[in-house]
Every structure is written in structure tokens, then in C-alpha cells.
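Let me begin by presenting the structure, written as C-alpha cells, before commenting on it.
Lettering of chains follows the sequences in order, A, B, ..., and the numbering in each one begins at 1.
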Amino acid sequence: KDLEEKLVVRPTSETIINSMFSKWIQSYRDLPMLLNQWANVVRWEMRTRLFLRTTEFLWQEGHTCHETQAEAEEETLKMLRVYKDFAENYMAMPVICGIKTNSEKFAGADRTYCIEAMMQDRKALQAGTSHNLGQNFAKGFETKFQDRQSNWQFVWQTSWGVSTRLVGGLVMTHSDDKGVVIPPRLAGIHVAIVPISKGSPDDAKLFEVADKLAYELKNPEYSGTLGYSISTKVDRDTQHSPGWKFHEYELIGIPIRVELGLRDLEKNQVTIVRRDTGVKQFIPIADAAKTIARELGQMQSDLLEKAREMRKKYSFVVDDYEDFKKKLDEPGGFLHCHWCEKASCEEQIKNETKATIRCIPLDAADRLTPAVEQGRCIKCGEKSMTRVIFARSY
RNA sequence: CGGGACGUAGCGCAGCCUGGUAGCGCACCUGGUUUGGGACCAGGGUGUCGGAGGUUCAAAUCCUCUCGUCCCGACCA
């Protein structure tokens, strides 16, 4: 009653959802049951971080019930791949799919899968999780169904989610000293056309050409190729100088800027500048739309590739604990190390270095079984069958 | 919850140590010239100095309390 804005404190979603699932599900015919919701969440963290760990945040969460364990596992991995696809092909943020260790997994889950990204400061960001909940909540909430043989069984469940943390991930993956860089597929405005007007009667011609280009960019041919329709802004403002506008569009991350002045018109060309490279191209007006569409597609893949290169550069195979500590401090990054699977080693490493096991990575094809490799735990030297990824994280 | 800093014009800050009645940059307003990488010249101050008490002839400045913000740590399955 003392709060200006009323808050309702609730337990974790799984408990609420399951109390409903147990009412809604009676038969195998009710399965699978697949729910998705967007919800804002409050967590009373001692310390917040803009976008990455805010007191209140918006997230998307899915909750599903299945007939069999295999089906639940399939759903868990399916969503993991949906998240990976979104991260990489929309956000241009490369991620590593993996499994969380016992100490890092969701408490109610049998297994927690995750996508982990490397930010430009070489710290790791957990960008999304997908849990195979097994029958843990089903047993707690009596979520049962009658199977095809009339036997009562507990459902097999999954849950998964991503949050506004992804916005932070986007910013920290692509931004540079000029400002934010938005991948074309997520940009609200893809192209800013800046007519460089001189207040002369010829200016009308500039706007005419600018408008025509904006119109040409609506050609369905381009949206067919890119997967989105190109959104264009013709800057009609006469108050700010061209230089001011260039900086402004760079600051907010518009993927492509088109400069169009009388000098261009004389040469029958436009100047095209990509936000990520800053390289200026002088293109015949007749080819401008086609070139812009092509550059948008190229920029999308270049951004992903650039981030991949960075991650590659700062990923290390490490077998010596002293080397491990040194690399963590400088330059940082993902350290692929053997680990004996003992929580005590994991805990000690965390206490000594602040590095945690981000995940046990899935193999190159994102198959379930992590790559097998004989080795010795970086901490205690005991036998290990696979490498895990250590990093400092947000 | 510990440790540290900061609240002064719309924004970013200086002034505080050593009290004397508030200043700088940007922004903004007026006029003119400008416009291809954040234009220039001239003129203009728009402020309960976070709040409340206290000391003093006098407080942005010193003291006490209070509110708020940020950073670091702990925390974050």
C-alpha cells in the first residue's frame, strides 16, 4: 500500500502455468500443448545493468507439454535453434549453442540449453535459454494425462525464453565510436536520403530525384530478395547542415545513407555510404536502387561475419591454469578447456578468476552430443572427455 | 547490503578547499551570411545552486540531517 504503483509479486512462471496445465490437460489428445506469452518481470537484483540486468524487463517465454520425453527434448532443441536463427540471421550476433552445467542450469530443469554470445569487450552474454523440464513440475503440480493405453502419466515439459537483454546484446555486438549499428533486417529505416540543398532553385530537382529513388526502393523485387521491404527516409529538413545529418544517422545506426547534391546530379550519380564500413560509393542514379538493395543484404552478412571473426580471434584452446588466468585478464574471451565435471572445480575457478562455464558446447553441426576429446581438467588434472567454454560474463 | 563519488541554466560541467551575492561549453532566442562531415559573425541569460535545518553581518561554498543518481563489490540458478 505504500507503493505509488502497485506490484504483484508472483512465483516463477512455471508454477503458475502448471497450475493451469493441470486443469487443461486430461488426455494425450490435449498434447502437445504449446503456450507462448510476453510478460514483464521484476527481479529484485542487488545490482542492475542497463539492458542486461534491469529490475524490470520484458521477455518472451514459452511453456510446452508433451507426451514423451523425446518429444520434449525435440521441442527444447527446436526452440534453441529458433533463438540461434534469430540471433544470427536477424541480429547478426553469432552465438554458441550449448548445455549449462548443473550449477548454471535452471533449478527445475533436467537440462538447460543456451545460446552464448561474445560482446566486443570479450565478455560472454547469455542471450537465451531453452529448458527441458522433464517431469519435475508435472510431478509437483499433478499435471497428468491419460495415454493411448488409458494409463495416467505425467507430462513432459519445456520452457524457453529471451528478453530485452537482446537489445543490449545487439548494441554491444555492433556499435562503434560513432554510435549504434543496426543490422538491416532489424532497422526501422534502412536508407536515409540526404539531399544537399543550397537554397537554390535547382534544389527542387534534388528532391525529385530523391523521391524517385525512394519510390524505386519499394520495388517488390528487392523485398523478395531481402525478406523485408526497404524503408526509406528523405530528409527534407533545411535547418541542419549535411554534416550534422551524417553524424545523426550514424549515431542512430541507419544502415545506408545516400548523399545527393548538385555535384552528384551533374554526374548523374548518387553517393552511397554504408554505416558499418563508412566507405563512400559513387553510383549512377539508374543503378542506385539495385546497388542499395545489394548492399543491405551484404551488410547483414558482413556484420555477422565480422562478429564471427572477432569471436574466433578471442577464442582460445587452453590447457594450463596459469595461462588460463593470464588470458582471462588479457585479452579475455572464450577459453575452451577440459573440465572434470566436478562442481568443486567449477566453483573454485569462479572464485579465483570470476570466470564461469558458459556452456558445454554442442558440436559443429549443433548435434546434441558434445565433441568427445580426451583430456585433463584445467583445475584438478583429472580425466575429462570434453571441452567446455569458460568466460567472464555479464 | 558494504565501499566510493556526484546532485549548480534544457544538456554536460567549473566555482566549494580559502564564505562576499553565480559562470563556461553546447543548446535556445533575434538579425545577417551560410549548407558536400556536427557552419560563422553580432547581440540576448532562460537559475528556488536537490531538499530541510544550523553557524555567520553574509552560505553554491562550512556543519547536521534528508532525498535522489551513478560507479565498484556482494548478488544474479
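- Listed nucleotides: rG36(B), rG38(B), rA77(B). Nearest to the side chain of H247(A): rG38(B).
- Across every strand in view, rG36(B) sits unpaired, with no contact that passes the Watson-Crick or G-U test at under 3.5 angstrom.
- Between the CZ atom of R275(A) and the P atom of rG37(B) there is a distance of 18 Å, given to the nearest Å.
- Taking atom C1' on both rC63(B) and rC17(B), the two are 15 Å apart, rounded to the nearest angstrom.
- Searching all strands for a Watson-Crick or G-U wobble partner of rA22(B) with both distances below 3.5 Å returns nothing.
- A 3.5 Å limit on both hydrogen-bonding distances identifies rU30(B) as the Watson-Crick or G-U partner of rA42(B).
- Put simply, CD1 on I252(A) is 18 Å from P on rG38(B), counting in whole angstrom units.
- Using P as the reference atom, rG51(B) and rG7(B) are 13 Å apart when rounded to the nearest Å.
- In this structure, the CD atom of E259(A) is 14 Å from the C1' atom of rG38(B), given to the nearest Å.
- Sequence order on RNA chain B of the closest nucleotides to Y394(A) and L260(A) puts L260(A) first from the 5' end.
- Using a distance-only test at 3.5 Å, with no hydrogens or angles considered, a donor-acceptor pair links the side chain of Q120(A) to the main chain of S175(A).
- Per the geometry, CZ belonging to R49(A) stands 8 Å off P belonging to rC71(B), to the nearest Å.
- Residue R43(A) places its side chain closer to rA77(B) than to any other of rG38(B), rA77(B), rG37(B).
- A donor-acceptor pair under 3.5 Å links the side-chain atoms of S22(A) to the main chain of S19(A), judged by distance alone.
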From CA spacing to verdict: ring pair (Phe, Tyr, Trp, His ring centres under 6.0 Å), F334(A), Y314(A):
CA-CA 6 Å; F334(A) 287 180; Y314(A) 296 111; over 10 Å; no
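- At a threshold of 4.0 angstrom between heavy atoms, the contacts of E250(A) include nucleobase atoms, whether or not backbone atoms are also involved.
- If you check rA14(B) for Watson-Crick or wobble pairing at under 3.5 angstrom, you find it has no partner at all.
- Side chain of W244(A), nearest nucleotide from rG37(B), rG38(B), rG73(B): rG38(B).
- For T271(A), whose side chain is taken as the heavy atoms from C-beta onward, the closest listed nucleotide among rG37(B), rA77(B), rG36(B) is rG36(B).
- Between the side chain of E248(A) and the base of rG37(B) there is no donor-acceptor pair of N/O atoms closer than 3.5 Å.
- Atom P of nucleotide rA77(B) and atom CD of E14(A) are separated by 13 Å, given to the nearest angstrom.
- The separation of rG45(B) from rC6(B), taken at their P atoms, amounts to 32 Å, rounded to a whole angstrom.
- Taking the P atoms as reference points, rA59(B) lies 12 Å from rU21(B), given to the whole Å.
- When the nucleotides rG36(B), rA77(B), rG37(B) are ranked by their closest atom to the side chain of A107(A), rA77(B) comes out on top.
- Across the strands present, rC6(B) finds its partner in rG68(B); the criterion is a Watson-Crick or G-U wobble pair with both atom distances under 3.5 angstrom.
- Among the heavy atoms of the strands lying under 4.0 Å from D264(A) is at least one base atom, whether or not backbone atoms are also near.
- rU18(B) and rC62(B) are spaced 9 Å apart, taking the P atom of each and rounding to whole Å.
- F246(A) has its ring centre no less than 6.0 Å from the ring centre of W244(A).
- Between D323(A) and K327(A), at least one side-chain N (NZ, or NE/NH1/NH2) sits under 4.0 Å from a carboxylate O, which counts as a salt bridge.
- Contact annotation for R165(A): no contact, since no heavy-atom pair falls under 4.0 Å across all strands.
- By the 4.0 Å N-to-carboxylate-O rule, K379(A) lies too far from E346(A) to be salt-bridged with it.
- Look at rG53(B): its Watson-Crick or wobble partner, with both distances under 3.5 angstrom, is rC63(B).
- The gap from the P atom of rA58(B) to that of rA42(B) amounts to 43 Å, rounded to the nearest Å.
- Taking atom C1' in both rC71(B) and rU34(B), the straight-line distance is 44 Å, to the nearest Å.
- In this structure, CG of N351(A) is placed 15 Å from P of rG73(B), rounded to the nearest angstrom.
- In this structure, V273(A) and F106(A) both approach RNA chain B, and ranking their closest nucleotides by distance from the 5' end singles out V273(A).
- Salt bridge present: E67(A) and R148(A) bring a charged side-chain N and a carboxylate O closer than 4.0 Å.
- Separating the CG atom of D177(A) from the P atom of rG38(B) is a distance of 18 Å, rounded to the nearest angstrom.
- Remark: the backbone N or O of R165(A) is paired with a side-chain donor or acceptor of S163(A) at under 3.5 angstrom.
- The residue K280(A) sits close to a base: some heavy atom pair falls under 4.0 Å.
- Taking a pair to require two hydrogen-bonding distances under 3.5 Å in either a Watson-Crick or a G-U wobble arrangement, rA74(B) remains unpaired.
- For the pair K212(A) and E216(A), the salt-bridge criterion is met [side-chain N within less than 4.0 Å of a carboxylate O].
- Rounded to whole Å, the C1' atom of rA14(B) lies 13 Å from the corresponding atom of rC49(B).
- One atom, CZ of R111(A), and another, C1' of rA77(B), lie 17 Å apart when rounded to the nearest Å.
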Could you write out each protein N or O paired with an N or O of nucleotides 31-35 of chain B at a distance under 3.5 Å?
unit_1, atom_1, unit_2, atom_2, d
rU35(B), O2', S197(A), O, 3.3

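- Using a 4.0 Å cut-off between a side-chain N of Lys or Arg and a carboxylate O of Asp or Glu, D276(A) and R274(A) qualify as a salt bridge.
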